[in-house]
Amino acid sequence: MINITLPDGSVKQVEKGTSSMDIAKSISEGLARKVLAATVNGIVFDANRPINEDATLKLLTWNDTDGQMTFWHSSAHLMAEAVESMFPGVKFWVGPPLDNPKGFYYDMDLGDRKMTEDDLAALEKKMNELAKQQNVFSRKEMSKADAVKYFTEKGDEYKLDLLQNLNDGEITFYTQGNFTDLCRGPHIPNTGFIKAIKLTNIAGAYWKGDEKNKQLTRVYGVTFPSQKEMDEHLAMLEEAKKRDHRKLGKELGIYTMDDQVGPGLILWMPNGGVIIEELEKLAKESEQAAGYKRVVTPHIAKESMYLTSGHLPYYADSMFPPMEMDGDRYYLRAMNCPHHHKIFDAELRSYKDLPLRLAEYGTCYRYEQSGELFGLMRVRCLHMNDAHIYCSKEQFAQEFKAVNDLYLKYFKIFGIEKYVMRLSLHDPEKLGQKYVNEPELWKETEELVRNVLIETGVPFVEVKGEGAFYGPKIDVQIWSAIGREFTLATNQVDFAQSRSFNLTFTNAQNEKEIPLIIHRAPLGTHERFIGFLLEHYAGKFPMWLAPVQVKVLPISDKFVDYAKAVSDKLKNADIRAEVDDRNEKIGKKIRDTEMMKVPYMLVVGEKEMNENKVAVRRQGKGDIGLKSIDEFMNEAVAEIKERRAE
RNA sequence: GCCGUUGUAGCUCAGUGGUAGAGCACUUCCUUGGUAAGGAAGAGGUCGUGAGUUCAAUUCUCAUCAACGGCUCCA
């Protein structure tokens with residue numbers, strides 16, 4: 001007999017070799033129907049795998065992330081079985097579960113054959129058939145020698161590649177129905193648990209994620225234990241689509257694009273222009289207060305500058321090809337830093353000038369690969385909330401912290417809570433290749449940056465091998481409505497470019513010293529930031545950012561003059577107000593204004609005109625009552641001035 | 001750049017081997033209406049672009065451009 005400890009602390013005595021499923025059954029039949037897998041002493045186990053020693057047991061159901069992961073991983077196997085039946089001879093790579101977006105994929109080599117979306121429906125049908133058979137997932141251990149022999153005979157180079165990293169005792173096979181796969185498991189008890197299946201798309205994916213390798217076919221899918229959950233999932237995706245900045249950007253007249261202008265080139269429409277103005281106002285205010293100085297620099301420069309900076313030839317692929325002029329090659333800039341370095345270098349600098357903080361909303365051009373363009377989030381012309389801080393080593397920690405504090409200030413204003421701070425470090429093995437060869441400086445600055453983060457109490461993750469070539473950085477990662485991850489803002493250390501540009505200052509000992517540089521863009525770029533804000537607010541911008549802040553809606557033509565008087569008064573108080581003087585009924589005007597997500601509507605008719613008042617209506621909330629014009633105006637001005645979230 | 005999908009009116013989308021339709025938006029008229037769509041009429045498209053097949057192509061084939069879903073890459 002062995003002792004099984006359950007999460008509530010109770011201990012069950014069972015025969016050696018009893019499975020978690022048996023234990024679930026002994027508790028209740030209902031529970032047994034829901035058990036997908038279990039953790040035994042913290043290790044995820046198949047529900048029907050025998051337990052041979054004393055253990056703490058947690059039964060996993062759909063409510064556990066590990067349960068869902070097991071479910072989707074098993075679904076990938078089910079899909080593989082269906083694919084193999086329709087494409088005999090197919091070779092499989094890996095088929096992991098996914099948390100975001102939810103579901104799973106399987107990478108496969110179809111040889112000369114091609115799979116198209118038409119095949120997905122047939123595959124789904126086959127999967128449903130196989131699921132109904134309630135085929136059991138059975139586990140079998142195998143020696144490495146036997147496994148290698150098995151896949152060599154099969155001619156499966158992919159699984160042989162996987163085996164290279166495995167040893168005896170780690171190699172298990174799972175079989176369900178007619179499909180057997182090398183797999184560490186675990187799996188759900190049988191395929192019958194999978195009740196709702198949807199294969200979502202088909203894509204190419206490079207083997208091992210390396211574009212030099214062969215491209216495999218990847219099929220994405222998602223499954224659920226009931227149709228109800230599938231329906232909920234699909235409804236959620238529909239909701240997410242409504243937040244998509246590309247859809248909202250069009251509906252709200254924020255931006256447009258045009259074939260003749262070119263891909264990835266944004267045309268900001270008047271409503272977008274207002275948001276840009278407001279963001280720049282915010283940036284300039286806070287930078288002014290934090291001791292930054294504004295500069296303005298050209299969008300192009302000669303090749304030699306980018307040779308000095310080290311951006312060419314390493315960055316050449318991301319830059320537009322050069323223009324030949326007067327025997328020189330000029331590049332559209334992909335970054336602002338070299339221009340700013342030249343301003344630093346234009347005068348002899350003393351330690352008394354430092355820290356020198358140069359700020360510019362700099363326009364950059366990047367030749368992003370065509371497949372990477374994505375609405376406002378990934379474009380070819382961008383406006384960066386850029387600044388470069390030149391400081392001494394002693395000043396560095398304080399300066400870096402000040403930048404970090406600026407981030408947090410902005411996050412509070414915008415109510416940004418769902419993000420991940422990522423500390424990107426260098427990879428010591430790639431010093432001199434991907435990273436400038438300054439091991440001591442790397443170590444030192446990474447430590448400084450980490451300490452700032454710890455001090456500020458911001459949760460962060462560390463990633464090795466993600467640093468810039470010139471130093472470590474902190475990125476703020478966010479997710480778009482459709483679940484794609486982006487870097488919203490960045491704060492980078494640079495101890496390389498000051499060397500390549502020969503930047504120096506005279507220290508108190510009258511010696512030349514090389515400054516450290518901080519590159520920072522807390523508001524990222526206008527493009528990505530506004531794309532993010534559109535999704536973050538679902539188009540319902542707070543008052544201070546809203547392109548139109550107040551719409552005055554006269555009940556009929558008779559009150560248009562009064563409406564215009566109200567609107568003029570608001571405009572004089574710097575409120576963006578407009579009158580809807582169309583020949584429409586009030587219901588129609590309200591509907592249209594609601595859809596444009598204007599924060600306030602002022603309905604004015606006979607009653608309001610006679611009393612010098614307005615009937616206030618808040619977007620999304622409805623009628624909030626009569627107010628005098630002055631009362632509304634004062635409140636509105638305060639709401640804007642304080643940049644209130646609502 | 002690679003794999004897959006799509007491209008019809010300003011927007012959302014039907015449709016067809018015999019040179020095109022709906023709703024919304026737009027213009028004009030009627031209506032002057034009190035908190036999420038009043039009514040009528042009108043205007044608007046060489047069906048992404050180029051070539052091929054055909055008596056005939058928006059429809060079939062190929063190429064190309066762009067967008068979308070991924071991969072790689074990045075703010």
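Naming: A, B, ... by sequence-line order, numbering from 1 per chain.
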Chemist: In the strands shown, is G33(B) matched to any nucleotide by a Watson-Crick or G-U wobble pair with both distances under 3.5 Å, and which?
Modeler: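 Its partner: none found.
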Chemist: Heavy atoms within less than 4.0 Å of RNA chain B: which residues of residues 551-563 of chain A have one? Give them sorted by number.
Modeler: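 Residues of residues 551-563 of chain A that come under 4.0 Å of RNA chain B are, in numerical order, Ile555(A), Ser556(A), Asp557(A), Lys558(A).
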Chemist: For nucleotides C24(B) and A41(B), find the distance between their P atoms and express it as a whole number of Å.
Modeler: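 That atom pair is separated by 12 Å.
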Chemist: By ring pair (Phe, Tyr, Trp, His ring centres under 6.0 Å), which residues pair with Phe559(A), not counting sequence neighbours?
Modeler: none
Chemist: Please examine the side chains of Tyr106(A) and Val219(A), heavy atoms only from C-beta on, and report whether any two atoms are closer than 4.5 Å.
Modeler: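 In short, these two side chains do not touch, never coming nearer than 4.5 Å.
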Chemist: Applying salt bridge (Lys or Arg N to Asp or Glu O under 4.0 Å), which residue pairs with at least one partner in residues 370-380 of chain A are found, sequence neighbours left out?
Modeler: Glu368(A)-Arg378(A), Glu372(A)-Arg378(A)
Chemist: In chain order, what residues pass the side chain to side chain donor-acceptor pair (under 3.5 Å) check against Lys114(A), with sequence neighbours excluded?
Modeler: none
Chemist: Who passes side chain to side chain donor-acceptor pair (under 3.5 Å) against Arg528(A), sequence neighbours left out?
Modeler: none
Chemist: Counting only heavy atoms and a strict 4.0 angstrom limit, can you tell me which residues of residues 404-419 of chain A come near RNA chain B?
Modeler: none
Chemist: With a 3.5 angstrom cut-off on both distances, give the Watson-Crick or G-U wobble partner of A51(B), or none if there isn't one.
Modeler: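 Across any shown strand, A51(B) pairs with U61(B).
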Chemist: Using Watson-Crick or G-U wobble geometry with both distances under 3.5 Å, which nucleotide pairs with A9(B)?
Modeler: none
Chemist: Step through the shown structure and confirm whether more than 12 heavy atoms of other residues, nucleotides or ligands are within 6.0 Å of CD on Glu485(A).
Modeler: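 Yes, enclosed.
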Chemist: Would you mind listing every salt bridge (Lys or Arg N to Asp or Glu O under 4.0 Å) that reaches into residues 267-278 of chain A, with sequence neighbours excluded?
Modeler: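 Passing the test, one end in residues 267-278 of chain A: Glu278(A)-Lys281(A), Glu278(A)-Arg576(A).
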Chemist: Output the residues of residues 196-207 of chain A in contact with RNA chain B, where contact means a heavy atom of the residue under 4.0 Å from an atom of the strand; sort by number or write none.
Modeler: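 Contacting residues: Asn201(A), Ile202(A), Ala203(A), Gly204(A), Ala205(A), Tyr206(A).
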Chemist: Which base sits across from A14(B) as a Watson-Crick or G-U pair, both distances under 3.5 Å?
Modeler: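 The base-pairing partner of A14(B), which may sit in any strand shown, does not exist here.
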Chemist: Run the ring-centre check on Phe414(A) versus Phe529(A) and record whether the distance is less than 6.0 Å.
Modeler: yes
Chemist: Measuring only the C1' atom in each nucleotide, how far is G50(B) from A66(B)? A whole number of Å is fine.
Modeler: 15 Å
Chemist: Aromatic ring centroids of His73(A) and Phe104(A) under 6.0 Å?
Modeler: no
Chemist: Only counting residues at least two apart or in another chain, list the ones meeting side chain to side chain donor-acceptor pair (under 3.5 Å) with Glu399(A).
Modeler: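 In terms of side chain to side chain donor-acceptor pair (under 3.5 Å), with neighbours along the sequence ignored, Glu399(A) is linked to Arg357(A).
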Chemist: Please name the nucleotide paired to G45(B) by Watson-Crick or G-U wobble geometry with both distances under 3.5 Å, or report none.
Modeler: none
Chemist: Just wondering, do Asn271(A) and Ile275(A) contact through their side chains at under 4.5 Å, heavy atoms?
Modeler: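 Side-chain contact under 4.5 Å: no.
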Chemist: With a non-hydrogen cut-off below 4.0 angstrom, is Ile586(A) in contact with a base, only sugar-phosphate, or nothing?
Modeler: sugar-phosphate
Chemist: Mind checking which nucleotides bracket the chain A contacts on RNA chain B, 5' to 3', with an atom under 4.0 Å from a heavy atom?
Modeler: G1(B) to A75(B)
Chemist: Tell me the side chain to side chain donor-acceptor pair (under 3.5 Å) pairs involving residues 579-589 of chain A, sequence neighbours left out?
Modeler: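 For residues 579-589 of chain A, and leaving out neighbouring residues, the side chain to side chain donor-acceptor pair (under 3.5 Å) pairs sorted by first residue read Asp580(A)-Arg582(A), Arg582(A)-Asp592(A).
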Chemist: What residues, two or more places apart in sequence or in another chain, satisfy side chain to side chain donor-acceptor pair (under 3.5 Å) together with Tyr220(A)?
Modeler: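 In terms of side chain to side chain donor-acceptor pair (under 3.5 Å), with neighbours along the sequence ignored, Tyr220(A) is linked to Arg218(A).
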